[in-house]
*Asks:* 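Quick one: structure below, then a few questions.
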Amino acid sequence: MTAPRPSRLARPVVGLLALALVGGIIVWDLAQAGLPDPFHAPPPLALGSGTAPTGAHCAAN
Amino acid sequence: MLARRGLLGLSALLLVGAVTVIAGPRAGLLAALGIGFGLVLEGLRFGFAGPWRLMITERDARGLNAQLLAIGLTAAVGFPLMAAAPGEIMAAHAPVGLGVILGAFVFGAAMQVVMGCGSGSLVNAGSGNLVGLVALFGFIAGSFLGTLHLGFWTALGTLPVISAQSLAGAQGGLWLTLAGLAALAALLAVRAAPGKRLPGGRLALAAVLIAALAALNLVIAGQPWGIVYGLGLWGAKIAQAGGADVAATAFWSNPVHAERLSQSVLTDVTSLTNIGLVFGAFLIMRGRARPDAPVAALALRGWAGIAIAGLVLGYSARIAFGCNVGAFFSGISTGSLHGWIWFAAAFLGSAAGLKLRPLVLVPATPARAAA
């Protein structure tokens, strides 16, 4: 029985592809949706801010 | 090696700094938190799918009990926080229904096929695992498709939202949750092989760090750690760019989701931690003196199977109100009954998925792999 051969793509290359995917989504999305306004950004911490969370979570319906 | 690690650390600071400048301090903190998750999960080899497989195949409960420890520690911090600031910190409470049970079962099976769960797919992709990267593409598509059918699945039959807090109050709910986790850990320990019952130092440290990061997620974001929402949002944005009228669908016309769809992903909590998670895993992989070997080459139908399994992962996680993170980890640690039901169904699904795995992961023929 022969051992399975490894993929030709080394891990650093695949890792860079993953970063490219994520980076591409961010840059493309910023071009589509525009830059957020940091002066209207929420306070650094939700706790103590007096504001409700967005509700955008996996458990949301 | 020291210089390379210094550069990697500097790149992390640059990412956090750039996100802070573009989207504000909370976004920067969440990106940093995501990087922390990635560093711990990849650096300390703390996962979800692998320990479940080990419990099923080798009666090794150490990894699974480490997960329960992390959930318990998060609950111990999270319950008082939620009780103290109910308008600022929300729980991951969702109703139990056929969609949750079926979705969790299928998710459990699919995560054993690709050897990666919600967080695992991101970590695997960032750490250079080609199976994880291919699965991630499917995951993004599947979690978006799941949003289109969520109404159908919840309409099949859903109980009201039941939580530990609704059954026993904030304090009683915490004790109920901790007692449930302790009972499950004891059951696993009894079933485990000798010497494989309790987590060792590495896993215990990882559990404490993951719990600390999850508690910080509550404090910073006002909501629990999640994965699948952000991936579904990415899929929705891609579909919208392709011409689909996503904003008109039931899920994305909800004002909460419509706002996320219209704004940058850098304003979305789970997107930010997901981005950081991939980056953190990459940092660990590149910081190692010798990266792990590449994954085994697969035949074309093996890669197609991985992409389909990834799609199934995303779809099933969406209809089950979360994956191993959003439903199992965050659901249980914030008191939701759906987290417990999710775990039971997904664990059964994992046992089934282990039988499917060799049928999907078809290795490449030696000649093709060597090409």
Side-chain angles (χ1 to χ4, degrees), chain A, chain B residues 22-27 29 81 85 87-90 92-94 125-130 133 154 219-223 226-229 234 237 241 256-257 260 262-269 275 278-279 282 285-286 291-297 321-322 326-327 331 363-364 366 369-370:
Chain A
M1 185 175 168
T2 57
R5 290 177 180 274
S7 162
R8 284 179 297 172
L9 290 175
R11 280 185 178 261
V13 175
V14 177
L16 280 173
L17 288 174
L19 291 190
L21 168 67
V22 173
I25 288 173
I26 295 170
V27 171
W28 167 80
D29 177 58
L30 284 173
Q32 299 288 317
L35 288 170
D37 180 358
F39 295 100
H40 288 90
L45 304 182
L47 183 64
S49 68
T51 58
T54 64
H57 188 263
C58 320
N61 203 335
Chain B
I22 293 171
R26 187 184 292 189
L29 287 174
L81 280 177
E88 296 168 351
I89 297 180
M90 63 171 245
H93 290 175
S127 67
N129 178 325
L130 189 56
L133 181 59
T154 50
V219 170
I220 297 167
Q223 66 183 53
I227 300 282
V228 70
Y229 186 91
W234 300 359
K237 282 174 170 285
V256 168
H257 312 310
R260 298 277 66 79
S262 66
Q263 296 188 6
S264 161
V265 293
L266 296 181
T267 64
D268 174 54
V269 169
I275 291 163
V278 174
F279 198 74
F282 178 83
M285 182 268 293
R286 289 302 290 144
D292 295 343
V295 296
F321 294 111

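Reckoned from all heavy atoms, side chains included, excluding hydrogens, waters and symmetry mates. Residue numbers begin at 1 in each chain, while the letters A, B, ... track the order of the sequences.
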*Asks:* Based on non-hydrogen pairs under 4.5 Å, which of B:R260, B:Q263, B:H93, B:K237 is most in contact with chain A?
*Replies:* B:K237
*Asks:* Tell me, out of A:P38, A:A33, A:P36, who's got the most heavy-atom pairs with chain B below 4.5 Å.
*Replies:*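 Among the listed options, the one with the most contacts to chain B is A:P36.
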*Asks:* Quick one, B:L29 and A:P44 - any side-chain contact, counting heavy atoms below 4.5 Å?
*Replies:*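 Yes, close enough: below the 4.5 Å cut-off.
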*Asks:* Looking at every heavy atom in both B:G24 and A:A41, which two are closest together, and how far apart are they?
*Replies:* CA-CB, 3.9 Å
*Asks:* So which of B:G326, B:P294, B:A293 has the biggest tally of heavy-atom pairs under 4.5 Å with chain A?
*Replies:* B:P294
*Asks:* Non-hydrogen atoms of chain A under 4.5 Å away: do they reach the side chain of B:I220, the backbone, both or neither?
*Replies:*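 Interface part for B:I220: both.
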*Asks:* Please identify, among B:V265, B:I89, B:V228, B:T267, the residue contributing the most non-hydrogen atom pairs under 4.5 Å to chain A.
*Replies:*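 Among B:V265, B:I89, B:V228, B:T267, the one with the most close pairs to chain A is B:V265.
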*Asks:* Can you name the nearest heavy-atom pair linking B:A94 to A:A59, along with the distance?
*Replies:*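 In terms of heavy atoms, the two residues are closest at CB-O, 3.9 Å.
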*Asks:* Identify, with sequence neighbours excluded, every residue that meets ring pair (Phe, Tyr, Trp, His ring centres under 6.0 Å) alongside B:F279.
*Replies:* none
*Asks:* When rounded to the nearest 0.5 angstrom, what distance separates CG in B:L133 from CG in A:L17?
*Replies:*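 One finds 6.0 Å between CG of B:L133 and CG of A:L17.
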*Asks:* Looking only at non-hydrogen atoms, find the nearest pair between B:A241 and A:W28 and report the distance.
*Replies:* CB-CZ2, 3.0 Å
*Asks:* If you count heavy-atom pairs within less than 4.5 Å of chain B, which of A:V13, A:V22, A:L19 leads?
*Replies:* A:L19
*Asks:* Does any backbone or side-chain atom of B:A221 lie under 4.5 Å from a heavy atom of chain A? Answer side chain, backbone, both or neither.
*Replies:*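 Just the backbone, heavy atoms under 4.5 Å.
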*Asks:* Taking side chain as everything from C-beta outward and backbone as N, CA, C, O, which of these in A:L16 sits under 4.5 Å from a heavy atom of chain B? Side chain, backbone, both or neither.
*Replies:* both
*Asks:* I need the minimum non-hydrogen distance between B:M90 and A:P53, along with the two atoms involved.
*Replies:* CG-CG, 3.6 Å
*Asks:* Check for a donor-acceptor pair, side chain of A:R11 on one end and backbone N or O of B:S127 on the other, with a separation under 3.5 Å.
*Replies:*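 Looks like yes, one N/O pair under 3.5 Å.
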*Asks:* Could you tell me which portion of A:L35 (side chain, backbone, both or neither) has an atom closer than 4.5 angstrom to a non-hydrogen atom of chain B?
*Replies:* side chain
*Asks:* With a 4.5 Å cut-off on heavy-atom pairs, point out which of B:T154, B:D268, B:V295, B:I227 contacts chain A the most.
*Replies:*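 So the answer, after comparing B:T154, B:D268, B:V295, B:I227, is B:V295.
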*Asks:* Return the option, out of A:G55, A:P12, A:A52, with the maximum number of heavy-atom pairs under 4.5 Å with chain B.
*Replies:* A:P12
*Asks:* In terms of heavy-atom proximity below 4.5 Å to chain A, should B:I22 be classed as side chain, backbone, both, or neither?
*Replies:*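 For B:I22, heavy atoms of backbone and side chain both lie under 4.5 Å from chain A.
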*Asks:* Could you check whether any side-chain N or O of B:E88 sits under 3.5 Å from a backbone N or O of A:G48, counting only pairs where one atom can act as donor and the other as acceptor?
*Replies:* yes
*Asks:* Taking the side chain from B:Q223 and the backbone from A:A56, do they hold a donor-acceptor pair closer than 3.5 Å?
*Replies:* yes
*Asks:* Determine the minimum heavy-atom distance between A:C58 and B:G226, stating which atoms define it.
*Replies:*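 Nearest pair, atom of A:C58 first, then B:G226: SG-CA, 3.7 Å.
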*Asks:* With chain A, which of B:S264, B:A296, B:A23 has the greatest number of heavy-atom pairs at distances under 4.5 Å?
*Replies:* B:S264
*Asks:* Does any backbone or side-chain atom of B:A125 lie under 4.5 Å from a heavy atom of chain A? Answer side chain, backbone, both or neither.
*Replies:*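 B:A125 touches chain A through backbone and side-chain heavy atoms alike.
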*Asks:* Between B:N129 and chain A, with a heavy-atom cut-off of 4.5 Å, which part of the residue counts as in contact: side chain, backbone, both or neither?
*Replies:*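 Contact with chain A involves both backbone and side-chain atoms of B:N129.
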*Asks:* I need the A:D29 CG to B:L266 CG distance, nearest 0.5 Å.
*Replies:*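 Here the interatomic distance stands at 7.0 Å.
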*Asks:* What distance separates A:I25 CD1 from B:W234 CH2, expressed to the nearest 0.5 Å?
*Replies:* 5.0 Å
*Asks:* Donor-acceptor check, side chain of B:H257 to backbone of A:N61, threshold 3.5 angstrom: yes or no?
*Replies:*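 Yes.
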*Asks:* Check salt bridge (charged side-chain N to carboxylate O under 4.0 Å, His left out) between A:D37 and all other residues, then give those that pass, not counting sequence neighbours.
*Replies:*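 Scan of A:D37 (salt bridge (charged side-chain N to carboxylate O under 4.0 Å, His left out), adjacent residues dropped) gives none.
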*Asks:* For the interface with chain A, which of B:G87, B:A327, B:P363 has the highest count of heavy-atom pairs at distances below 4.5 Å?
*Replies:*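 That would be B:G87.
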